[in-house]
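Working notes, structure below.
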Amino acid sequence: MSQSDWDKDAVTQLIDSLKDKPGAMLPILHGIQDNLGYIPKDSVPLIAKALNVSRAEVHGVITFYHYFRESPPGKHTIHLCRAESCQSMNGPRLEAHAKAKLGIEYHETTTDGNFSLEPVYCLGNCGCSPAMSINGEVYGRVSPERFDEILDELRGQA
Amino acid sequence: MSLIRDKDYGTPASPSEKNVTLEIDGFKVTVPEGTSVMRAASSIGIEIPKLCATDSIDPFGSCRLCVCQVEGGRGYPASCTTPVSQGMKVQTENAKLNQIRKGIMELYISDHPLDCLTCPSNGNCELQDMAGTVGLREVRYGYEGKNHLKSEKDTSNPYFTFDPSKCIVCSRCVRACEETQGTFALTIDGRGFDSKISPGQNEAFMDSECVSCGACVQACPTATLMEKSVYQKGQPDHSIITTCAYCGVGCSFKAEMKGAEVVRMVPDKNGQANHGHSCVKGRFAFGYATHPDRLTTPMIRKSIHDPWQKVSWEDAINYAASEFKRIQEKYGRYSVGGLTSSRCTNEEAYLVQKLVRAAFGNNNVDTCARVCHSPTGYGLKQTLGESAGTQTFDSVMQSDVILVIGANPTDGHPVFGSLMKKRLREGAKLIVADPREIDLVKSAHVKAEYHLKLRPGTNVALVNALAHVIVTEGLVKEDFVNERCDIDSFNKWRDFVAQERNSPEASEIHTGVAAQKVREAARLYASAGNGAIYYGLGVTEHSQGSTTVIGIANLAMATGNVGREGVGVNPLRGQNNVQGSCDMGSFPHELPGYRHVADVTTRSLFESVWGVKLEAEPGLRIPNMFAAAIDGSFKGLYCEGEDIAQSDPNTQHVQEALESMECVVVQDLFLNETAKFAHVFLPGASFLEKTGTFTNAERRISPVRRVMPPKAGYEDWEVTQMLSNALGYAMDYSSAKEILDEIASLMPTFKGVSFKKLDEQGSVQWPCNDEAPDGTPTMHIGQFVRGKGRFMPTEYVPTSERTTGKYPLILTTGRILSQYNVGAQTRRTDNVAWHSEDRLEIHPHDAEDRGIVTGDKVAIRSRAGVTVLHTLVTERVQPGVVYTTFHFPESGANVITTDNSDWATNCPEYKVTAVQVEKVAGFSQWQNEFQAFTEEQLSMLEKATAAG
């Protein structure tokens with residue numbers, strides 16, 4: 001999906017529906033990312049105009065939060081937990097495995113556009129560490145083998 | 001000469017009047033409540049190490065270098081964000097604090113290029129200084145770790161470089177852009193170690209919202225944001241405080257020098273008009289002063305179609321004088337005249353008008369204020385009693401509601417625009433009356449409550465409608481009016497504006513502004529506390545310019561908004577010294593100090609000091625001079641620092657007048673448009689080459705100090721003096737000081753003004769005399785200058801310049817931030833990177849009707865003429881209205897403006913011209929002729945060079 005492919009009318013509508021809320025910036029950014037999977041760079045002027053702030057300010061907020069992305073994600077977004085519990089339960093091994101298997105670093109997307117890899121700090125699933133989530137669904141006790149199985153399953157669906 | 005670096009107290013001064021006493025390192029200090037520990041310490045000479053703090057912006061507490069210990073308190077608070085308290089005991093230095101500071105510096109330096117010796121900041125770097133101060137001796141982390149040293153430099157801005165590899169992410173630039181300038185063009189991209197400064201959305205400075213005011217460069221403690229001139233020339237070694245020669249804000253600057261060369265212009269922190277802020281023009285666009293186009297040799301020629309002949313000063317002056325004498329002998333005493341310059345100093349304007357009155361023996365003197373703020377002079381004199389704005393700029397910080405009419409402060413008066421925006425961010429309400437959506441209407445963190453988007457030429461109808469609401473809805477401040485104003489005049493005015501035909505509902509047909517909006521805006525202005533009106537050329541440059549000025553004064557008086565801080569009637573004067581040139585008697589009917597030439601007492605005062613008999617009849621105004629020239633009765637003109645051939649309306653008419661004259665003497669920096677019609681060219685001196693004073697829009701007299709010798713050998717007043725002597729009227733001033741002393745002796749409002757006073761006080765606002773020895777920041781306190789404030793009815797008379805089927809659109813004009821008026825200076829700087837041509841703004845509806853898209857070449861045709869520009873299709877203008885700037889002579893904006901002018905002062909109606917717009921392929925006939933004439937004149941100049 002290229003930057004210009006997003007639906008400007010839908011984004012404008014979303015911004016209009018939220019702009020008068022107090023502290024509207026984050027709800028708007030979440031709304032756009034929930035809808036499009038990312039926040040297109042050229043939607044920033046629309047947000048800035050609606051909130052009467054500068055483009056730079058919107059950019060500052062987007063880049064402060066790693067969760068927000070400015071390019072389209074892969075078909076599936078994998079969030080690996082890097083919080084204390086998962087770290088102590090072989091999280092780093094899972095992390096190394098995932099990166100090697102996918103051939104990408106954090107914040108990157110595989111060349112086939114299938115997977116994006118992001119770190120996350122606690123999914124609230126510490127009892128089943130190490131944990132990860134894919135497209136919002138949480139998986140516990142993820143060993144490297146289980147990671148491969150889950151990915152194969154997802155590939156199968158595609 | 002002053003120090004290169006001012007003392008930096010780290011945090012801004014506290015405005016509190018309550019004092020607090022504390023102890024810092026065993027020393028007692030008393031400071032205003034709300035002062036930071038850092039500033040309190042600095043005030044007694046204890047400089048706590050700091051990086052992210054500077055006294056132009058609020059403290060931030062991010063670098064942690066300024067930690068201190070407070071007795072009885074926990075931990076190590078940052079001294080910049082810790083306010084003082086009564087009895088507090090602070091330690092600013094001990095082993096533990098030093099250890100913390102060293103640790104912080106180690107981290108900073110582990111990610112900083114170690115190229116101090118070749119760095120442009122070398123010798124003036126806060127990071128370097130702090131490393132020295134904390135005693136950094138080693139960096140245990142080494143330099144090999146993750147770092148930012150390979151970050152790419154951004155050189156997109158023509159004046160400064162952004163080198164992120166040297167950045168310590170202190171956010172001073174981001175905060176300066178927000179707090180000082182109010183543009184919010186910078187942010188921090190990312191977080192933690194990945195944090196970096198980002199213009200706009202991580203783009204080049206030139207592609208971001210940056211307006212190149214220089215506040216970030218000023219705030220940067222390292223070489224990250226650095227003037228390119230310092231890269232090229234190195235650090236300056238001395239500085240001289242002077243006053244900017246661009247707009248009427250009159251910012252104080254430090255010219256930072258090496259020898260006789262300006263390395264950079266730095267806004268002066270102690271400047272009372274600008275408080276250390278600047279805009280792209282004053283801060284960076286001074287290169288014109290040393291531009292190769294500067295003409296530095298006097299030249300003469302018999303005919304404007306002859307090549308120029310380079311001659312000595314003596315020959316040029318004698319030739320000019322003999323020509324003026326010949327003309328006066330042949331055509332009479334009134335056949336010559338002179339124009340004073342609003343770009344030159346008070347002393348120089350004073351001398352030119354003195355030459356005209358004493359040496360020419362007539363009152364044919366005028367100035368460019370004729371074409372800008374003459375209605376202000378007239379309107380405010382009639383109502384309030386003084387031809388000047390009522391406030392200081394700082395007064396805006398006390399305003400609760402600000403009404404901006406026909407002014408575009410963020411472009412035309414940028415430093416004041418920033419101050420106004422600061423107040424608006426603090427919560428003051430804004431009403432904008434303008435045909436066009438100027439930046440103030442809506443930009444980051446600023447939004448007008450009401451934008452009264454009126455049709456050009458209907459100001460009086462709008463002002464009357466506002467007054468109608470105030471009068472009929474019981475919003476008049478009766479106490480104020482009863483006590484301070486002439487009641488008869490008020491009653492007459494009240495009855496007039498209360499008439500139904502002046503109601504917002506009846507005016508809507510003229511103004512195009514919804515009645516309800518006008519009613520709400522009037523209520524807001526009249527009842528929100530301190531109401532201040534700011535206006536500009538969008539008010540004055542109309543056939544009813546003076547009427548609107550009077551209407552504005554009426555509004556202010558009726559609502560009691562005169563005579564204290566935060567209120568007032570504030571003309572935003574265009575040029576650096578337009579207030580001053582008017583004060584100095586540049587008008588044909590007034591001697592210095594706005595005293596009529598017919599007044600015997602005034603005249604005899606001047607006669608006794610000048611030793612000549614003075615003419616009692618007013619002389620010719622500029623438009624009269626043109627008409628008389630074409631008639632054959634006006635034959636010679638001495639024009640100092642004004643480009644009438646470009647700036648005055650109906651260019652064809654001006655050109656014809658100039659061509660009809662037998663001796664046009666132009667004194668200027670460049671071969672400007674008027675000089676192309678001249679017979680004598682006398683090289684002028686830029687503001688960097690002379691001593692004198694400028695008076696800004698708030699009546700502030702500021703010193704202009706010579707930082708380099710005049711390129712052609714003489715300051716402008718010296719040239720006027722030589723000419724006067726050659727004409728036979730002796731002048732013998734040895735310095736500008738002697739001229740100012742003479743002015744002070746003759747003008748009651750200037751009585752206490754002297755260079756000594758300016759050296760002591762920095763600047764002073766007139767009236768400055770025995771009653772107000774330190775000057776007068778706010779006028780009309782307690783009583784109006786004329787005694788009782790006078791209301792005057794303001795009947796709306798639509799301009800005769802109307803749209804028809806043939807000319808269906810209204811053209812109005814304005815300015816842009818990066819260029820200055822006729823552009824003679826800014827066009828010769830890198831400011832052309834922002835604006836390299838004038839464009840015609842047209843609404844999408846009007847564009848579509850005519851099949852026009854952005855970038856198309858269009859002919860703009862009026863009853864006076866036709867010119868061709870490229871278009872910009874934009875919703876900033878309303879349907880039916882087109883807009884352009886006028887900074888380039890080849891644009892011919894004044895080829896299409898008409899002869900209409902203000903009924904009282906002849907100020908031209910630049911702001912309303914009925915036009916038709918159509919797509920074309922080539923330039924207009926005028927433009928082609930202009931091109932050919934320019935080529936001819938440049939060849940005349942080249943031939944002179946060859947002959948010389």
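Labels below follow one simple rule: chain letters A, B, ... track the order of the sequence lines, proteins then strands, and each chain is numbered from 1. In what follows, every heavy atom counts, from backbone to side chain, and hydrogens, waters and symmetry copies are set aside.
Within a 6.0 Å radius of CD in E449(B), more than 12 heavy atoms belonging to other residues, nucleotides or ligands are found. The number of heavy atoms from other shown groups lying within 6.0 Å of NZ (K196(B)) does not exceed 12. Enclosure of atom NE2 in H845(B) is not indicated, since only 12 or fewer non-hydrogen atoms of other residues, nucleotides or ligands lie within 6.0 angstrom. Within 6.0 Å of CD in Q87(A) there are more than 12 heavy atoms belonging to other residues, nucleotides or ligands. Residue E426(B) qualifies as enclosed at atom CD: its count of foreign heavy atoms under 6.0 Å is above 12. Within a 6.0 Å sphere centred on NZ of K8(A), other residues, nucleotides and ligands contribute 12 heavy atoms or fewer. Environment of CD in Q13(A): sparse, with no more than 12 heavy atoms of neighbouring residues, nucleotides or ligands closer than 6.0 Å. Other residues, nucleotides and ligands contribute over 12 non-hydrogen atoms within 6.0 Å of the OH atom of Y121(A).
Neither the backbone nor the side chain of V174(B) comes within contact range of chain A, judged by heavy atoms closer than 4.5 Å. For S443(B), the part lying near chain A is the backbone, with the side chain staying farther off; criterion is any non-hydrogen pair under 4.5 Å. Residue D194(B): no heavy atom, backbone or side chain, is found under 4.5 Å from chain A.
Using non-hydrogen atoms only and a strict 4.5 Å limit, the part of residues 49-62 of chain A facing chain B consists of K49(A), N52(A), V53(A), S54(A), R55(A), A56(A), E57(A), H59(A), G60(A). Heavy-atom proximity under 4.5 angstrom to chain B picks out nothing from residues 134-145 of chain A.
Between T63(A) and D189(B), the shortest heavy-atom contact is OG1-CA, 3.4 Å.
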